Amino acid sequence: MKNQLSEAYNLLIGKLEGWLNAIISNIPNLLLAIVVLFVSYFIAKYVNKYVTKLVSKRVHQNSITNMIGRLSSVVVVLAGLFLALGILNLSKTLTSLLAGAGVAGLAIGLALQGTLSNTFAGIVLSFRKKIQIGHWVETNGFSGEVIDINLKDFTIKEADNNMVVIPNKMILENPLKNYTLTTKMRVFLECGVGYESDLDHVEQLTKQTICNTFDQIDSPDDVEFYFTEYGGSSINYLCRFWIDAENALEKMRSKSKAIIEIKKAYDKENINIPFPIRTLQFDNKLSFDAPQEVENSFSNN
């Protein structure tokens, strides 16, 4: 029994000594591998900036240049990782890992269908000329400026300065309205005037006011004006005109400016913009004197 324990102890000591010798002999390779990883990381950052700057001279779409720069940095990091594994004499292990990656990739692909679909959608969006960083778009119920398009998500900055992050798959599968692609936008303005107003004068005054307010409108005839209905307390109309704008904010500012100027013009001409009025008529006479009999019916207690 003692001999067996002694042999086992000697084997254990021999194994530990062998491992210790292997670790000591491989310390220079380990340090060199760590240095290679760090150097590849910093080189990847420099390559990312350089490639992005170089590609931006030929491709004016920021999303494409950013994606190419990121992919180039990933390639440099992977090259550094393979080199570090080779220094540690783990090339056979790397080959085994690559062989098993095909089988594992199938399982991972099934588990990460949503993530992979967002990645491929991000690549497609990056090459779309009609969707670029800086454009003002509206999609999936959100409207704002495109801040970033990457391999995972699509970032929009709304007018109230909130950031909205939308998965790329939703952007690719749903309609998207791009305000920046058009240099002109139509403003719709609805209002009403009193029944006593001269409607011809209201129409001419409104058109002239809009023409004087916006430089891009050459003539009052370019302003569309239509009376739409006899309202409850006013005759309502719809006014439409075109402005030079590339986003919804400029459209809102123009509409606000038009409302202010129309109100000033109506005040000078004594044109009334009525608000809803409701008249209550009581045909029966109501008595507010309580009957004596009712008063006497209450208890004095």
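Keep in mind that what you see is a predicted model, and the values were worked out from it rather than measured.
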Query raised in the report: Where is the tightest heavy-atom contact between Ser143 and Trp136, given as atom of each residue plus distance?
Result: OG-NE1, 3.2 Å
Report task. Taking the side chain as every heavy atom from C-beta outward, state whether Gln216 and Ile243 have any pair of such atoms under 4.5 Å apart. Result -> yes
Query raised in the report: Do Ile273 and Cys191 touch side chain to side chain, with heavy atoms closer than 4.5 Å?
Result: yes
Query raised in the report: With a 4.5 Å limit on heavy-atom distance, are the side chains of Thr209 and Tyr266 in contact?
Result: no
Query raised in the report: Ile235 versus Val202: any side-chain heavy-atom pair under 4.5 Å?
Result: no
Query - Flag if over 12 foreign heavy atoms under 6.0 Å of OH, Tyr195 - result: yes
Query raised in the report: In the single-linkage hydrophobic clustering (I, L, V, M, F, W, Y; side-chain heavy atoms under 4.5 Å), do Val77 and Val35 co-cluster?
Result: no
Query - Crowding at CD, Glu196 (>12 non-hydrogen neighbours, <6.0 Å) - result: yes
Query - More than 12 heavy atoms of other groups within 6.0 Å of Lys268 NZ - result: no
Report summary line: Between Val165 and the options Asp153, Ile147, Asp148, the side-chain contact (heavy atoms from CB on, under 4.5 Å) test singles out Asp153
Query - Option passing side-chain contact (heavy atoms from CB on, under 4.5 Å) with Ile210 (candidates Ile217, Asp222, Leu205, Val187) - result: Ile217
Query raised in the report: Which of parallel (below 30°), tilted (30 to 60°) and perpendicular (above 60°) describes Phe227 and Phe225?
Result: perpendicular
Query raised in the report: Are side-chain heavy atoms of Glu138 and Tyr179 found at a separation under 4.5 Å?
Result: yes
Query - Donor-acceptor under 3.5 Å (Ser256 side chain, Met252 main chain) - result: no
